[in-house]
Amino acid sequence: MRSATSYFRPSWALLRENLKRFWAVPAVGMVCWFFAGIFPLLIDGNSRQWFIMAADMRHPAFIIFTPIFPLIASAVTLRYLFSPSSVSAMHTLPLTRGRLYCTSFVSAAAMSIAPAVVTYLVMALPGAVEGYSMLPAFALTLLLTLFYTALFHVAAMLTGSGVMHLGVCGFLSFAPSALVLLVGVYCQSLLFGYSGDAAMGVLATRLVPLLYFTDEGILSSAVWLAAYILSVPALYATGAVLYARRHLERAGDSIVFPFFELIFTFTVTFAGMTVLSMIFDGAGWGKFPFNLGLLFGAALCLIASRMVAKKSLRVFNGTTLLRGGVFAGAAALLICFLNFDLTGYEKRVPAPERVEYAELNRDFLPWLSNRQIYAYGNPSYLVFSEPENIRAVTGLHSSITELRDLYDHSGLGGMPRGTGGGLSVYLRYQMTFGELSRRYFIPAEHMADDANARALFESEEFKLQNDVSNAALGQPISVVLSPRANYGRYDYFPNDSASSLALDITISSDEYAELLNALAEDMRGETWEDITSNPLCDFVVSIDYIPDTDTDNAYARASRAPAREWVSDPSSNYAEIAVPPHYERTITWLVSRGYYERLTAWREQIVSAQLTRVTVENGADGAVWHSSDSGPVITDAASIRRALDGASGQPGPQWRDGYWDMTISIGDSEDPYSYVSVFFPADSPVIDNLIGG
């Protein structure tokens, strides 16, 4: 019974001796905490920022000190374990191993926490005056100090040298999180639709207490807070049990217990294999560099980790081969498990009746259309909550899951091969129980041809969210009509010569209200063909505005999403709306005001056009290549102007066989000063007429 209770009963005589021998540790800690926390209060009259950082546990120095001093204190109090003579002498004392372990733990924890106690006590009164309590931050510092002290004591029990102790301290601190991220890398590559920023990233962050608590706060999750509190006695007990089973003659070895040697070797091998395969994969497309990286990285890191664990170069033996075979089998099982989707992850599409609302990213739309409202501060997701629209989202999702065979997952980059260009589509469902998210990179033509996509983007819910009158544009500062569509990937006037042509038009606030109404009506009348046709837009409405920070604005109400998703960015205040030729009400308004002719006057200054044939093809390495062949130069300005009525503002996703790029020269025929790029499908009769003419 006495032996059992000694695990929780320190030797006060040895404790006093430890504090006397290692007084430098708390002394250095006090100096560090003083200059980080107390000293700034003495020299800075405006001390508010220090209390904010300290109270929220976001003070950079405090974050660093919290694990560093438990590491130092544990290393010095347990250094006797790493020398055969010292460990034998220590064990001649009339103390059980349990009392030695407990005394060392209490000594290291006391030396680590004492400077923090003094610092927080000094800051408590002025902090209270400023309105900030130091108690939560101190409680968190105490918890993390005890956690790291217990963790680093476990590391000392596993190792037999001081250098290896320090290495294993870092290993135990980050290995669980790193393993989660490494598995996430394989999921990203091998699971079609895996959303890399979802559960894996959250779990990896929460497994590193400093990252989790300093990022989200001590009270952000009662479950995780309780888990860390309970982990302290669990780690303490683990270290005590290991000490009881530790062989004294292993002092001086790298690793004391064979089971940990296996864990260390396999973890390092897995990490090295993954990192090297990513590096090799980046050197070229295809499966060969990736597989070469896997094999070479596994072999190299297995041998290196064995050498470190054994402190010897003599590791080329049957044991290494056996462990290499076991590791290869486990790695192959993991890759096959993910590659063949044995969990059913890829095919999982939620039942529509279980979905409260579905979100679809809007940033892929510019690849289908050159006319989306690009208002900074507006939400990045379209939200659908009507039952028929939720069914359309899940239907679209189901059709996307059938595209997996188009992908060649040849590396860890997560990018598909040979898709002919594509869209990044992010789906997120809020369901009765939890969330589900997927991210896809799919061929652009699939979205353009999908019946469910048509239903979504012709729905009233989409039109409400895409309606310019509902956008969070706030109070306009200036509204300018410009004869260029510099929104998206193509700039009609790259030399900014529109201003030299004096074609920019600033309109009044009354005119802006009328223009906004006309734009809203045209947007509500658009069909899916209108959205994806990408017709040439001669001009754009540019709006500088004061962002709308009201989370209950029309945009938020139209979307039916949580208010947190719709807060505008106060630093962003610019929006552009490109106007296509089928916006009849908008163009009628421009004509009535006398603006239309001024905005299209640049067409009258066309002098020539260079035709270029662009071929889209998938290379042997899986990459998408756009090869260009120069065609004829057209000098008939009237023919060019007629051709513009059938031009596109950007290459359409349906142009699988390539397209024509027509670059137009504007200005003086001897020295044209501006260029416009427009596009036609490969089989366009307009091009045939131009070349034939």
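Salt bridge E529/R454: present, at least one basic N to carboxylate O contact under 4.0 Å.
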CA sep, side-chain torsions, deciding dist, call: Y426, E359, side chain to side chain donor-acceptor pair (under 3.5 Å)
CA-CA 8 Å; Y426 186 30; E359 295 177 312; over 6 Å; no
Check the pair L456, W528 against side chain to side chain contact (heavy atoms under 4.5 Å, CB included), reporting the backbone distance first and the verdict last.
CA-CA 9 Å; L456 285 174; W528 183 230; over 6 Å; no
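Under a cutoff of 6.0 Å and an axis angle of 45°, R438 and Y429 do not form a cation-pi pair.
Put simply, the residue from L427, N452, L360 that forms a side chain to side chain contact (heavy atoms under 4.5 Å, CB included) with H397 is L427.
Under a 3.5 Å cut-off, the side chain of W660 and the backbone N or O of R613 do not form any donor-acceptor pair. Q430 contributes no side-chain N or O that, together with a main-chain N or O of V355, makes up a donor-acceptor pair within less than 3.5 Å. The backbone N or O of N389 sits nowhere less than 3.5 Å from a side-chain atom of E461 that would complete a donor-acceptor pair.
Counting non-hydrogen atoms of neighbouring residues, nucleotides and ligands closer than 6.0 angstrom, the CD atom of E597 reaches no more than 12 such neighbours. For R641, the CZ atom is densely surrounded, since the number of other residues' heavy atoms within 6.0 Å is greater than 12. Within 6.0 Å of atom CD in E388, more than 12 heavy atoms from other residues, nucleotides or ligands are found, so the atom counts as buried in its surroundings.
Classification of the F539-Y596 ring pair by plane angle, with boundaries at 30° and 60°, yields perpendicular.
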